[in-house]
Amino acid sequence: MQPSTKTRPSESLRALVGRGVAAVDTPALVVDIDAMMRNLGRMAEFARKHDMRWRPHAKMHKSAAIARLQVQAGAAGVCVQKTAEAEAMAAGGVHDIYISNEVVAPHKLARVAALAHQIAAEQGQLAIAVDSAEGVRRLARAMNDARESAGVAAVIDVFVEIDVGQGRCGVAPGRQAVELVHAIRKHPALRFAGLQAYHGKAQHMRTAQERHDAIGAAVQDVLFTRKLIEADGVPVDLVTGAGTGSMVCEAASGVYGELQAGSFLFMDADYAANERDAAQPQFEHALFIKTQVISSALRHAVCDAGHKSHAIDSGLPKVLTLEATGELEYANGGDEHGILRPAGGNRRVPQIDDVVWLIPGHCDPTVNLHNEMIGITGGLSEGKVERILRIDARGALT
Ligand SMILES: Cc1ncc(COP(=O)(O)O)c(C=O)c1O
């Protein structure tokens with residue numbers, strides 16, 4: 001039987017390996033592996049310096065091969081947001097996976113419990129977040145059912161999520177969290193692993209001061225909640241959270257023990273628009289859309305990458321400035337087209353065949369639009385294709 005394109009890169013893509021970047025057809029999602037590895041090294045160094053565990057978010061790259069690189073670089077494992085992402089990572093050989101999100105549907109929890117048992121049999125560990133007593137009850141039921149059919153006694157790590165300012169999932173800091181901790185501890189197949197205190201809204205606050213203030217308030221919420229839990233004689237082993245925008249604050253807090261940041265690896269245009277905190281490692285753009293000019297007029301040109309090539313929820317892509325093209329601005333041209341106009345002091349309108357590199361506004365949903373990433377080394381102009389990175393968890397939304 002022919003392997004499906006979902007499980008293997010197509011023949012023509014595999015044939016690209018070793019060839020020059022010029023051979024990559026457009027539009028294509030391209031990873032600059034040199035830049036990605038530098039970002040990875042900087043993150044590993046940052047975590048080491050601050051004595052932090054890091055479990056980077058794989059919802060960003062959705063690639064088991066990249067997750068394995070992260071673990072080789074020192075990550076404890078990966079975070080994911082969905083059961084299906086966890087399944088994809090486990091199938092790709094990752095053994096420490098944290099579903100940093102609430103799962104409540106019984107049929108999904110049956111999958112979570114089955115995965116917890118499978119990973120435990122491989123000496124790994126699955127973890128999950130909860131924010132309701134009903135969620136705890138259903139998780140415990142699913143774990144008990146799976147235990148009966150698996151014949152082994154796996155234990156799942158459970159983090160109580162508190163809402164530290166995002167207004168998304170999570171119980172209010174304080175007593176509600178304590179009650180959940182006690183509910184978890186009633187079930188032998190669940191282990192209370194700590195608190196999840198992720199502040200999503202803080203990530204793109206533009207100034208470093210705003211982000212410091214937001215995480216400063218989150219830290220107070222965590223301290224207050226932790227004190228109440230510990231007053232009941234229960235240790236809080238780990239506080240987990242942080243994204244690329246705020247990670248320096250969590251790392252400096254002395255309260256958080258684990259960083260979940262994911263986007264640092266590819267560094268999209270939206271994150272680049274943040275004022276950089278002096279303590280933040282200098283992450284580089286590593287994810288690009290290679291696109292080609294297909295039409296050129298007096299004042300603008302048109303490239304072959306539109307909204308089907310990149311997500312626009314965090315703004316339109318930026319154009320990488322190269323000597324060949326000068327500074328360009330990207331404007332909305334619809335699903336399949338991008339309008340390019342000279343910007344800054346540049347007067348040159350791109351010509352037919354010119355190659356233009358876009359920096360996506362938001363890496364996570366951009367990756368989810370593609371089946372593969374073309375991994376290149378040696379630079380965008382002169383480099384060559386090193387490997388094809390399959391996006392294993394593309395469309396893994398359940
Ligand atoms: C729970 C959670 N943790 C961590 C992250 C990682 O953040 P980032 O990719 O912005 O670094 C996210 C991103 O949305 C998240 O939802």
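Bear in mind the structure is a predicted one, so any value in this text is a computation, not a measurement. This chain uses plain numbering: 1 for the first residue, then up along the sequence. One-based numbering, in listed order, for ligands and for the atoms of each.
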### Query
When you check the side-chain N and O atoms of T244 and Q203, is any donor under 3.5 Å from an acceptor?
no
### Task
Scan residues 96-105 for pairs that pass salt bridge (Lys or Arg N to Asp or Glu O under 4.0 Å), counting only residues two or more places apart or in two chains.
R53-D96, R55-D96
### Query
Does the pair R191/D237 count as a salt bridge with the N-to-O cut at 4.0 Å?
yes
## Note on the structure
Hits for ring pair (Phe, Tyr, Trp, His ring centres under 6.0 Å) against H310, two or more places apart or cross-chain, chain-then-number order -> Y330
### Query
What ring pair (Phe, Tyr, Trp, His ring centres under 6.0 Å) pairs are there with at least one residue in residues 73-119, not counting sequence neighbours?
Y98-F159
### Query
At a 4.0 angstrom heavy-atom cut-off, what protein residues surround ligand 1?
H57, K59, Q81, S100, R168, Q196, Y198, A242, G243, T244, Q260, A261, G262, S263, Y271
### Query
So, E372 and R394, do they make that salt bridge, N to O below 4.0 Å?
no
